[in-house]
Each structure stands twice: as C-alpha cells, then as structure tokens.
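Okay, structure first, notes after.
None of these values were measured; they are calculated from a predicted model.
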Amino acid sequence: MQRRTTPAALLLTAFLALAGCGTNTGTGTQTSSPPPSSATPSPAKTYTDADLSSLVSTLKDAEGRPLTVVPAAQIDQGIIKAKEVLKNATFTPPECNVFADSNSQVPEDSTYAAGTSVSAADKTAIVVTVIALKDAQELRDHLDASKKASAACRNFTVELAGQKITTEVQEVNAETKGDQSFAALAKQSLSTGEKQAALTMTGIKGNLAATAVKAGPDVTPNAAAELAQLIDTILAHG
C-alpha cells in the first residue's frame with residue numbers, strides 16, 4: 001500500500017475483511033432475506049482452507065491482474081495481531097466497543113482464505129476473504145446482528161496503535177448475487193490529518209460468505225460493482 005496509509009489503518013481494514021465474513025462488523029449494513037421455502041435444506045457444503053484458497057486464486061482485479069493469495073500462516077498471524085490491537089482499542093461512544101468485541105473471535109469451526117491486490121496507480125488496496133461454516137444460520141445471524149449494531153456506530157472514534165481514527169459510516173445501496181448482502185463506506189480521518197476510505201461488501205450464499213474491502217484515500221461507492229463481481233465469483237461455487 002502507499003506510504004501515506006498508516007499501518008494501524010491497514011491492519012484494521014485487513015482484519016475487518018476477514019471478520020466481516022463471519023462476525024458482526026459494527027458498520028452500516030443492507031440485508032436482503034431469501035424467500036421462505038418449504039423444501040428440505042440441502043446439506044451444507046464442506047470446504048477446506050485449500051479449497052477456499054483455490055477459489056480466491058481465480059479472482060482478478062479490475063485491471064485483470066490475479067489476486068495474490070495470502071498464506072494461511074500469514075492470515076493466522078494477522079488475526080492474532082489484530083486481536084491484540086482491538087483489545088487495547090478505546091471507542092467513543094463506548095457502546096461501539098461491540099465493534100471490537102464482535103470481531104475478537106473467528107468461529108472455531110470455520111475455514112477461510114484471503115487474497116489481495118494493490119494498485120500503485122490509484123493508491124488503493126483490495127482485500128478479499130472467504131469463510132465457510134458448518135452452520136449457515138450462524139452467518140445470517142451475524143449479519144443481522146451487524147445491522148442492529150450499526151445505528152450507534154455510524155459516527156465513532158477509535159484510539160488504537162497510537163492513532164486516533166474518526167470514522168463516518170455510510171450505507172451503500174449495493175447487492176451481490178448471494179442470499180444476503182451488505183455494503184458500507186467508512187470514511188476515516190486520522191489524528192495526523194491523513195484520510196482514508198474503505199468500501200466493504202459482503203455476500204452470503206448458504207454456508208459460504210465472501211467479503212471484499214477496497215481501501216484508499218479516494219475510494220467511493222462507485223467501487224461497489226467491482227467488489228460485487230469479486231464476491232459473486234466466489235459465491236458461484238456455493
């Protein structure tokens with residue numbers, strides 16, 4: 001990522017891409033519930049970490065460049081580090097601590113993978129993560145919880161890793177081809193005067209969820225179509 005983006009902001013953005021798949025993100029959401037069905041639910045598909053990494057390896061960014069698959073060990077190390085940062089974070093208003101609490105755990109029975117793409121031309125980075133759980137309802141419940149938590153956290157500040165970040169969250173009217181979707185743009189202002197924006201989109205299909213985050217100083221809701229295409233590519237295998 002470009003030099004202007006601080007490690008703290010990047011760390012938080014990257015972790016949210018993974019946590020947003022399987023936990024409450026604490027940001028604004030838009031959801032759409034699937035129509036009721038009397039049919040017997042199909043058994044949940046099972047995916048190994050290798051299966052999901054293979055799916056991520058098929059993704060290409062808007063410029064046609066393949067995403068770089070993040071090694072599993074690196075993902076695990078990032079989760080541990082992000083947990084430590086969030087554990088010591090201070091949120092204002094205090095009720096937005098749900099943001100840290102909900103993102104402090106990745107479900108134990110989950111499998112996951114991630115990929116990244118960096119564009120030096122427009123100073124942006126994309127993080128795509130995919131997560132699978134045995135219980136599809138757990139994914140839907142987490143997404144619903146995220147929607148309920150969003151009202152108190154549309155404007156908040158967080159102090160972490162020596163930085164104070166003021167965040168304004170804007171719901172984005174965008175959907176994936178999944179059973180449920182959400183999209184939100186977070187505009188961040190750092191105590192150093194630097195500014196950062198991150199568009200987050202999640203789609204869920206069955207027990208498979210994918211989240212894509214595009215971060216950079218000039219990211220807008222117009223990036224939603226690009227992220228939706230990445231997510232839909234993953235969900236097509238659900």
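Within the 3.5 Å criterion, the main-chain N or O of Gln229 finds a donor-acceptor partner in the side chain of Thr233. A donor-acceptor pair is defined here as one N or O able to donate and one able to accept, closer than 3.5 Å; such a pair exists between the side chain of Asp179 and the backbone of Gly206. Looking at Ser57, its side chain does come within 3.5 Å of a backbone N or O of Ser54 through a donor-acceptor pair. Put simply, the side chain of Thr111 gets close to the backbone of Tyr47: a donor and an acceptor are under 3.5 Å apart. At distances below 3.5 Å, not a single donor-acceptor pair connects side-chain atoms of Asp232 with backbone N or O atoms of Thr176.
Residues Ser53 and Val69 come closest through the heavy atom pair O-CG2, 4.0 Å. For Lys123 against Pro217, the heavy-atom pair with the smallest separation is O-CD, 3.3 Å. Across all their heavy atoms, Ala224 and Met201 have their closest contact at O-CE, 3.4 Å. The minimum heavy-atom distance linking Lys60 with Leu67 is given by the pair C-CD1, 3.9 Å.
Taking NE2 of His237 as the start and CG of Asp51 as the end, the distance is 11.0 Å to the nearest 0.5 Å. To the nearest 0.5 Å, atom CG of residue Leu133 and atom CG of residue Asp135 are 7.5 Å apart.
You'll find the side chain of Thr167 stays beyond 4.5 Å of the side chain of Asn155, heavy atoms only. Under the 4.5 Å side-chain criterion, counting only non-hydrogen atoms from C-beta, Leu199 is not in contact with Val213. Contact check for Val169 versus Leu185: no side-chain heavy atoms found under the 4.5 Å cut-off. The shortest side-chain heavy-atom distance between Val70 and Thr116 falls under the 4.5 Å cut-off. At a threshold of 4.5 Å between non-hydrogen side-chain atoms, the residues Lys45 and Asn207 count as touching. No side-chain heavy atom of Lys134 sits under 4.5 Å from any side-chain heavy atom of Thr46. You'll find the side chain of Thr90 stays beyond 4.5 Å of the side chain of Val158, heavy atoms only. Under the 4.5 Å side-chain criterion, counting only non-hydrogen atoms from C-beta, Leu208 is in contact with Leu52.
For the residue pair Ser191 / Gln163, a side-chain donor-acceptor distance below 3.5 Å is found, with atom types taken as modelled. Side-chain contact annotation: Asp122 with Ser119, donor-acceptor N/O pair under 3.5 Å present.
The side-chain hydrogen bond (donor to acceptor under 3.5 Å, both in side chains) check on Ser189 picks up Lys195, with sequence neighbours excluded. In this structure, Glu159 has no salt bridge (Lys or Arg N to Asp or Glu O under 4.0 Å) partners at least two apart in sequence or on a different chain.
Comment: Arg154 does not engage Glu168 in a salt bridge, judged by the lack of any side-chain N to carboxylate O separation of less than 4.0 angstrom.
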